[in-house]
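All remarks here apply to the structure that follows.
For clarity, every value in this text was computed on a predicted model and none was experimentally measured. Convention: sequence-line order gives letters A, B, ...; per-chain numbering from 1.
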Number of protein chains: 2
Amino acid sequence: MSELGLIQVYTGNGKGKTTASLGLAFRASGHGFKTCMIQFMKENSDYGETKAAQYLPGFKLLQVGRNEFVDLKNPQPIDVELAQSGWKTAQDIILSKKYDIIILDEINVAMACGMIDCQEVADFLSGLKENRTELILTGRYAPQLIIDLAHLVTELQEIKHPFTQGVDARKGIDY
Amino acid sequence: MSELGLIQVYTGNGKGKTTASLGLAFRASGHGFKTCMIQFMKENSDYGETKAAQYLPGFKLLQVGRNEFVDLKNPQPIDVELAQSGWKTAQDIILSKKYDIIILDEINVAMACGMIDCQEVADFLSGLKENRTELILTGRYAPQLIIDLAHLVTELQEIKHPFTQGVDARKGIDY
């Protein structure tokens, strides 16, 4: 990728934030670009993206959470620890310059509920010099600090959702 | 896919509608599901998704437009013809029941500017019996008729966009 990388944010209560970033990885792989997706607060080998990761050349998926529901109002110490070590890993991967696109999936939520310090993330991102990696931050509740420094911010709004009509999450569609 | 398919709409002026549907296809392929994406008003072999389509097992991409900008206020007869024959193809593919997911990319725009009759699409979709195929309709300006019959509607809103700050569309990221 020849140009400077931008910082993109996908936030909002609508469906498709992680999905859109997966689509970016898919599309980018067609042009020979490399993408690394780091999933915070997730660890599940039954996700479609975990299984499909092998198909895309240059796509790497890292899950840095655990396979348990994180109580956002009161995260367990283990969850905080995993989120923070995941953020350290993410910084190393960004600084390695090995990828054209790096997706920090659900990091907005991890910041919003205090598991990762939002100011620290903002300082790190602002401090990147001549960054050529496209950085994608997904998740609800993107902190204002992050929105302020991002170049592209898209909010996904739920207009109508079947889960509220009694339909459960479905394999192959929702995960 | 065991359950009945839902009708999903991705609309709004924000980035990520086509991308989110590509992500859906990617994720679904991990579970062994088959996806067909029909792109209206597009025909470009340099798109990332065109090049990456080969990587995903069970993913088929059809471009039913031409490689020219469609004047939405005054579509050329050839564009109207391509959109309408594309819609016929789409109906055949839906009725063939060969796919778990079918994405009608940009069909909302084709309906909104009168290239495809919105009432006809609504009637066709409402008339599907025991439909097990997930149907995804993308594009700005989703007509109200379509929103009314969809089960899941997500609006992507542009909060901040670099194109308005003088950044052009970039290969591997935006197409």
Side-chain angles (χ1 to χ4, degrees), chain A residues 1-3 5-6 8-12 14-33 46-57 59 100-101 134 147 150-163 165 167-168 170-175, chain B residues 1-3 5-6 8-12 14-33 46-57 59 100-101 134 147 150-163 165 167-168 170-175:
Chain A
M1 198 154 311
S2 55
E3 300 159 71
L6 302 184
Q8 298 190 24
V9 170
Y10 286 95
T11 192
K15 196 176 145 45
K17 298 177 293 290
T18 297
T19 318
S21 68
L22 287 171
L24 254 169
F26 175 32
R27 173 176 276 161
S29 80
H31 291 300
F33 294 148
D46 195 37
Y47 284 172
E49 56 265 41
T50 322
K51 296 182 175 189
Q54 58 179 316
Y55 300 137
L56 283 196
F59 180 68
D100 302 292
I101 301 173
E134 191 85 1
I147 289 178
H151 304 96
L152 190 161
V153 179
T154 305
E155 185 178 347
L156 287 87
Q157 288 201 322
E158 175 182 311
I159 305 290
K160 219 185 207 185
H161 201 299
F163 296 174
Q165 298 162 39
V167 177
D168 287 336
R170 294 158 306 147
K171 180 188 274 198
I173 303 289
D174 301 305
Y175 64 91
Chain B
M1 198 154 311
S2 55
E3 300 159 73
L6 302 184
Q8 298 191 23
V9 170
Y10 287 95
T11 193
K15 194 174 148 47
K17 299 178 291 290
T18 297
T19 317
S21 69
L22 286 170
L24 254 169
F26 175 33
R27 173 177 276 160
S29 80
H31 292 299
F33 293 149
D46 195 36
Y47 284 173
E49 56 264 41
T50 322
K51 297 184 174 188
Q54 59 179 315
Y55 300 137
L56 283 196
F59 179 68
D100 301 293
I101 301 174
E134 191 85 1
I147 289 178
H151 304 96
L152 189 160
V153 179
T154 306
E155 185 178 347
L156 288 87
Q157 288 200 323
E158 175 183 311
I159 306 289
K160 219 184 206 184
H161 199 299
F163 296 175
Q165 298 162 36
V167 177
D168 288 336
R170 295 157 304 147
K171 180 188 276 199
I173 303 290
D174 300 306
Y175 64 90

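Phe26(A) is linked by a ring-ring contact (aromatic ring centres under 6.0 Å, His included) to Phe59(B), counting only residues two or more places apart in sequence or in another chain. Partners of Thr18(B) under the side-chain hydrogen bond (donor to acceptor under 3.5 Å, both in side chains) rule, at least two apart in sequence or in another chain, are Lys42(B), Asp105(B).
The two atoms that bring Ala28(B) and Gly172(A) nearest to each other are CB-O, 3.3 Å, heavy atoms only. Closest non-hydrogen pair, Ala52(A) versus Ser29(B), comes out as CB-OG, 3.6 Å. Contact between Gly16(A) and Ala20(B) at its shortest, heavy atoms only, is O-CB, 4.2 Å.
Only the side chain of Tyr10(B) comes within less than 4.5 Å of a heavy atom in chain A; its backbone stays farther off. Heavy-atom distances place no part of Gln54(B) under 4.5 Å from chain A, backbone and side chain included.
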Would you sort out whether His161(A) and Thr154(B) count as a side-chain contact (heavy atoms from CB on, under 4.5 Å), showing the intermediate values? CA-CA 8 Å; His161(A) 201 299; Thr154(B) 306; over 6 Å; no
Assess the residue pair His31(B) and Asp46(A) against the criterion (side-chain contact (heavy atoms from CB on, under 4.5 Å)); give the C-alpha distance rounded to whole Å, side-chain angles, the decisive distance to 0.1 Å, and a yes or no. CA-CA 8 Å; His31(B) 292 299; Asp46(A) 195 37; 4.1 Å; yes
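Here Leu22(B) is the residue among Val9(B), Thr11(B), Leu22(B), Leu24(B) with the most heavy-atom pairs under 4.5 Å with chain A. The residue among Val153(A), Ile147(A), Ile159(A) with the most heavy atom pairs within less than 4.5 Å of chain B is Val153(A). Of the listed residues (Thr50(B), Leu56(B), Thr19(B)), the greatest number of heavy-atom pairs within a distance under 4.5 Å of chain A belongs to Thr19(B).
With values rounded to the nearest 0.5 angstrom, Gln8(A) atom CD is found 6.0 Å from Lys15(B) atom NZ. Atom CD1 of Ile173(A) is separated from atom CZ of Arg27(B) by 9.5 Å, given to the nearest 0.5 angstrom. Interatomic distance, Leu152(A) CG to Asp174(B) CG, rounded to the nearest 0.5 Å: 8.0 Å.
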